[in-house]
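For this chain, numbers begin at 1 and follow the sequence in order.
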Amino acid sequence: MAKLVECVPNFSEGNNKEVIDALGQAISRTPGCVLLDVDAGASTNRTVYTFVGSPEAVVEAALSAARVAGQLIDMSRHTGEHPRMGALDVCPFVPVMNVSMEECVTCANIFGQRLAAELGVPVYLYGEAAREESRKALPTIRAGEYEALPEKLAKPEWAPDFGPSTFVPRWGATVTGARTFLIAYNVNLLCTKEQAHRIALNIREQGRGADQPGRLKRVQGIGWYLEEENIAQVSTNLLDFETTPLHVVYEEVCRDAEKAMLDTAEFYIKKEKLFILEEEQKIRLVVSRLGLDSLSPFHPRERIIE
């Protein structure tokens, strides 16, 4: 029976259409692969490609796209809301049909070894392909991001699994591995980037650190502001939707967002020595003071989740 593997490479380019298209073409032109989705983000300056194929084909497609990235992406000039450490930031392999996790681990190892050999760049293994427990979680490997790589690569404990322990300014470093299906779920909010990130810190499992864990197991999260949409966003990854379902993430974000709105109201009530008891009036105060109705009418019942 046919074997099917999903590959979801994340490239650090979300604005240049020519580069985005060139990467997609490198994937779609690979025999045995089908490109399913291209999700580009301007503020994150990142594009996520989703494609499927046989184990051999997806490795070839990922390498083909990586070669294009090596020519067209310069990480020394990269900025964006999303954490990143390389031109090809992360490249996971996911079992879909008639394929074991072990086979996807093999895909990651073959891909990482060939990428490092061809482009001369550092490559780390994560997830089910990690060789050390400390490297299982992607955020741990990516801590400090691209800017921290020169110092990080000089430390023996952060020697890459493949490739040189030297900083490659134009590329950075790549993380590859194997994992199960992941659900990326974003909740849009009318607030600041800082408020959105505080909510993300409250709910994500990692929290603010080992001494301040978040509320939701198997959930990653970050808050940012999307300039092109003029909204803030709590961006989450559900690593295991059976442990923490989608609706739980949504309800927890809503809970914290409502508290942030009312906390803002209390600030202005105290500052201006006002006396307001009704929640609806408090919301109207926040709308007015934060200028939420400065560009167009703001109707709380339509724009506020709860």
Is a salt bridge present between E205 and R215, judged by a nitrogen-to-oxygen distance below 4.0 Å?
no
How close do Q233 and N188 get, heavy atom to heavy atom, and via which atoms?
NE2-OD1, 2.8 Å
Between the side chain of T176 and the main-chain N/O of G112, is any donor-acceptor distance below 3.5 Å?
no
Rounded to the nearest 0.5 Å, how far apart are NZ of K3 and CG of N98?
8.5 Å
Side chains of D89 and S12 only: does a donor on one sit below 3.5 Å from an acceptor on the other?
no
Considering only heavy atoms from C-beta outward, does the side chain of T30 approach that of F51 to under 4.5 Å?
no
Steps toward side-chain contact (heavy atoms from CB on, under 4.5 Å) verdict (Q195, L189)
CA-CA 9 Å; Q195 286 174 318; L189 299 173; over 6 Å; no
Might you confirm whether atom CD of E272 has over 12 heavy atoms from other residues, nucleotides or ligands at distances under 6.0 Å?
yes
Assess whether side-chain contact (heavy atoms from CB on, under 4.5 Å) is satisfied between W224 and S235, documenting all intermediate values.
CA-CA 8 Å; W224 52 44; S235 178; 3.4 Å; yes
Is the shortest side-chain heavy-atom distance between Q206 and Q220 below 4.5 Å?
no
So OG1 of T44 and CD of E13: to nearest 0.5 Å the spacing works out to 10.0 Å
Grab the two heavy atoms, one from N15 and one from I20, that are nearest each other, plus how far apart they are.
N-CD1, 4.0 Å
Using a 3.5 Å cut-off and no angle test, enumerate the donor-acceptor pairs between side-chain atoms of residues 156-166 and protein atoms at least two apart in sequence or in another chain.
from, atom 1, to, atom 2, distance (Å)
D161, OD2, L125, N, 2.8
D161, OD2, R135, NH1, 3.3

What is the distance from atom NE2 of H78 to atom CE of M85, rounded to the nearest 0.5 Å?
13.5 Å
Does F181 form a side-chain contact (heavy atoms from CB on, under 4.5 Å) with V96? I'd like the steps, not just the answer.
CA-CA 9 Å; F181 281 108; V96 177; 3.9 Å; yes
Looking only at heavy atoms, what is the nearest atom pair of I27 and C33, with distance?
O-CB, 4.0 Å
Close side-chain approach of E252 and L216, heavy atoms under 4.5 Å
yes
Side chains of H82 and N45: does their closest heavy-atom pair fall under 4.5 Å?
no
Any side-chain heavy atom of F241 sitting closer than 4.5 Å to one from R218?
no
Is it possible for you to say whether V8 and L35 belong to one hydrophobic cluster, with membership spreading through side-chain heavy-atom contacts below 4.5 Å?
no
Spatial distance of atom CG (L239) from atom OG1 (T180) [nearest 0.5 Å]:
7.5 Å
Under 4.5 Å between side-chain heavy atoms, hopping through other hydrophobics if needed: is there a path connecting L72 to L115?
yes
Measuring from atom OH of Y126 to atom CD1 of I141, what distance do you get when rounded to the nearest 0.5 angstrom?
8.5 Å
Within a 6.0 Å radius of atom CZ on R29, are there more than 12 heavy atoms belonging to other residues, nucleotides or ligands?
no
With side chains defined as the heavy atoms from C-beta onward, is the minimum distance between R204 and N237 less than 4.5 Å?
no
Quick check: closest heavy atoms across C7 and V58, and the distance to 0.1 Å?
CB-CB, 4.3 Å
Could you check whether E103 and S100, counting side-chain N and O atoms only, form a donor-acceptor pair closer than 3.5 Å?
yes
May I ask you to check whether over 12 heavy atoms, not counting those of E118, lie within 6.0 Å of atom CD?
yes
Testing the basics here: between T174 and L88, what is the closest heavy-atom pair and its distance to 0.1 Å?
OG1-O, 2.6 Å
For A173 and L149, work out which heavy atoms get closest and say how close.
N-CD1, 3.7 Å
If you measure only the distance, is there a donor-acceptor pair under 3.5 Å linking the side chains of T50 and E6?
no
Is it the case that over 12 heavy atoms from other parts of the model lie below 6.0 angstrom from the CD atom of E228?
yes
The criterion is side-chain hydrogen bond (donor to acceptor under 3.5 Å, both in side chains); which residues satisfy it with E147, sequence neighbours excluded?
R84
Contacts of D74 meeting side-chain hydrogen bond (donor to acceptor under 3.5 Å, both in side chains) (sequence neighbours excluded), chain-then-number -> S76
Verify the distance criterion only: is there a donor paired with an acceptor across the side chains of N10 and R46 at less than 3.5 Å?
yes
When you compare the side chain of Y185 with that of V219, does any pair of heavy atoms fall below 4.5 Å?
no
side-chain contact (heavy atoms from CB on, under 4.5 Å) assessment of C104 paired with V5
CA-CA 7 Å; C104 286; V5 173; 4.0 Å; yes
Inspect the contact between R179 and D240 and indicate whether a charged nitrogen and a carboxylate oxygen are less than 4.0 angstrom apart.
no
Which distance, rounded to the nearest 0.5 Å, do you find between the CD of E60 and the CD1 of I110?
9.5 Å
Can you tell whether the side chains of E266 and K271 come within less than 4.0 Å, N to carboxylate O?
no
Does a side-chain heavy-atom distance below 4.5 Å link E81 with K193?
yes
Can you get from F111 to V68 by hopping between Ile, Leu, Val, Met, Phe, Trp and Tyr side chains that sit under 4.5 Å apart?
yes
